Participant: 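The structure that follows is given in the form of structure tokens.
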Amino acid sequence: MELQEAILNRRSIRKFTDYRVSDDEIKEILEAARSAPSWANTQVWEFIIVRDKNIIEKIVDTYSEKNPARKCTLAASAVIVACARTGISGCKEGKNVTKYNEWFMFDLGLAVQNLCLKAHEMGLGTVIAGLLDHKKCEEILSIPEGYEAVVTIPLGKPAVTGKTGPPRKELKDFTHLNRFGNRFTE
Ligand SMILES: Cc1cc2nc3c(=O)[nH]c(=O)nc-3n(C[C@H](O)[C@H](O)[C@H](O)COP(=O)(O)O)c2cc1C
């Protein structure tokens with residue numbers, strides 16, 4: 001699959017068939033995640049692959065009531081929970097070296113996008129879910145101090161293909177030439 005095709009046609013998938021995603025497929029997807037760039041190559045990401053239906057149910061209980069990813073997470077044959085170690089990315093000797101508190105969110109975002117694009121290339125669907133009670137989710141998954149659970153990613157075969165996504169802003173609405181406010185393009 002062409003990169004451009006993957007970038008343009010990847011969608012958040014919230015309805016899966018009952019196809020069981022294999023461990024080998026998950027490993028292939030995680031290979032893409034681990035190739036992402038990160039602050040000083042610190043690679044602070046950790047991924048928990050949840051197969052146990054009881055644990056998946058408990059995770060969904062931490063989702064906000066109105067989270068549109070509830071149903072598909074319950075139906076997913078695997079849910080990948082993307083976590084990260086804190087105090088390393090963007091830090092030196094435990095102290096932040098830029099004005100930002102942490103870079104793990106940035107690094108994890110890059111890895112998760114790789115993961116979602118790879119899944120899409122393989123004919124699988126994902127949705128990133130971040131609207132949840134992170135503390136409760138961390139307790140359920142026995143995540144130790146110094147690590148954060150950031151998003152869950154239910155994985156499955158899309159029940160519908162060719163889904164169109166919500167609209168994106170036009171280039172002119174968020175690009176600037178030389179200084180903020182000077183249009184880069186009309
Ligand atoms: C950090 C992050 C958190 C998100 N959390 C949720 C979520 O909790 N539930 C959900 O259904 N979708 C969630 N999404 C998916 C977005 O709603 C979706 O990516 C966006 O509407 C664009 O649609 P598309 O992915 O189909 O292009 C999240 C996406 C990101 C990047």
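It should be emphasised that the depicted structure is a prediction, and the values quoted were computed from it without experimental measurement. Counting starts at 1 for both ligands and their atoms, following the listed order.
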Participant: Nearest to atom 3 (C) of ligand 1, what protein heavy atom do you find, and at what distance?
Facilitator: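 Minimum-distance protein heavy atom for atom 3 (C) of ligand 1 reads Gly130 N, 3.8 Å.
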
Participant: Any N or O on Lys163 sitting closer than 3.5 Å to an N or O of ligand 1?
Facilitator: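 No, since none of the N or O atoms of Lys163 sits under 3.5 Å from an N or O of ligand 1.
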
Participant: Give a yes or no on whether the backbone of Lys58 and the side-chain of Thr62 come within a donor-acceptor separation of less than 3.5 Å.
Facilitator: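 Judged by distance alone, no pair lies under 3.5 Å.
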
Participant: Atom 20 (C) of ligand 1: which protein heavy atom is closest, and how many Å away?
Facilitator: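 Closest protein heavy atom to atom 20 (C) of ligand 1: Pro166 CG, 4.4 Å.
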
Participant: Nearest non-hydrogen atom to atom 9 (N) of ligand 1 belongs to which of Val112, Asn67, Leu108?
Facilitator: Asn67

Participant: Considering only non-hydrogen protein atoms, determine which one is nearest to atom 11 (O) of ligand 1 and report residue, atom name and distance to 0.1 Å.
Facilitator: Arg14 NE, 2.8 Å

Participant: Counting only heavy atoms not in Lys136, do more than 12 fall under 6.0 Å of its NZ?
Facilitator: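 No - once you tally the heavy atoms of other residues, nucleotides and ligands closer than 6.0 Å, there are 12 at most.
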
Participant: Mind checking whether Ile80 and Thr126 have side chains closer than 4.5 Å, heavy atoms only?
Facilitator: no

Participant: What atoms of ligand 1 come closer than 4.0 angstrom to any heavy atom of Pro68?
Facilitator: 11 (O)

Participant: How about OH on Tyr19, more than 12 heavy atoms from neighbouring residues, nucleotides or ligands closer than 6.0 Å, or not?
Facilitator: yes

Participant: Got a second to check how far Ser89's OG is from Tyr100's OH, nearest 0.5 Å?
Facilitator: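 Going from OG on Ser89 over to OH on Tyr100, the span is 13.5 Å.
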
Participant: How about NZ on Lys53, more than 12 heavy atoms from neighbouring residues, nucleotides or ligands closer than 6.0 Å, or not?
Facilitator: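 Yes, enclosed.
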
Participant: Tell me whether the rings of Phe106 and Trp103 are parallel (<30°), tilted (30 to 60°) or perpendicular (>60°).
Facilitator: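 Taking Trp103 first and then Phe106, their aromatic rings stand perpendicular (interplane angle over 60°).
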
Participant: Out of curiosity, is Met105 lining ligand 1, as in a heavy atom under 4.0 Å away?
Facilitator: no

Participant: Can you find an N/O atom of Ile128 closer than 3.5 Å to an N/O atom of ligand 1?
Facilitator: yes

Participant: Does any N or O of ligand 1 fall below 3.5 Å from an N or O anywhere on Ala129, backbone included?
Facilitator: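 No.
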
Participant: Against heavy atoms of Leu131, which atoms of ligand 1 measure under 4.0 Å?
Facilitator: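 Under 4.0 Å from Leu131, ligand 1 has these atoms: 8 (O).
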
Participant: Counting only heavy atoms, which portion of Arg70 has something under 4.0 Å from ligand 1: side chain, backbone, both, or neither?
Facilitator: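 It is neither; nothing of Arg70 touches ligand 1.
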
Participant: Do me a favour and list the nearest non-hydrogen protein atom to atom 25 (O) of ligand 1 with residue, atom name and distance?
Facilitator: Ser12 OG, 2.6 Å

Participant: Mark up the atoms of ligand 1 that fall under 4.0 Å of a heavy atom belonging to Val127, in ascending order.
Facilitator: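 Those of ligand 1 that fall under 4.0 Å from Val127 are 12 (N).
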
Participant: Evaluate whether atom CE of Met122 has more than 12 neighbouring non-hydrogen atoms of other residues, nucleotides or ligands under 6.0 angstrom away.
Facilitator: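 Yes, CE of Met122 has more than 12 neighbouring heavy atoms, counting only those of other groups under 6.0 Å.
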
Participant: Could you give the distance from OH (Tyr147) to CD (Glu145), rounded to the nearest 0.5 Å?
Facilitator: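 The CD atom of Glu145 is 11.5 Å from OH of Tyr147, to the nearest 0.5 Å.
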
Participant: Determine whether the side chain, the backbone, both or neither of Leu132 has a heavy atom under 4.0 Å from any heavy atom of ligand 1.
Facilitator: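 Within the 4.0 Å criterion, Leu132 makes no contact with ligand 1.
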
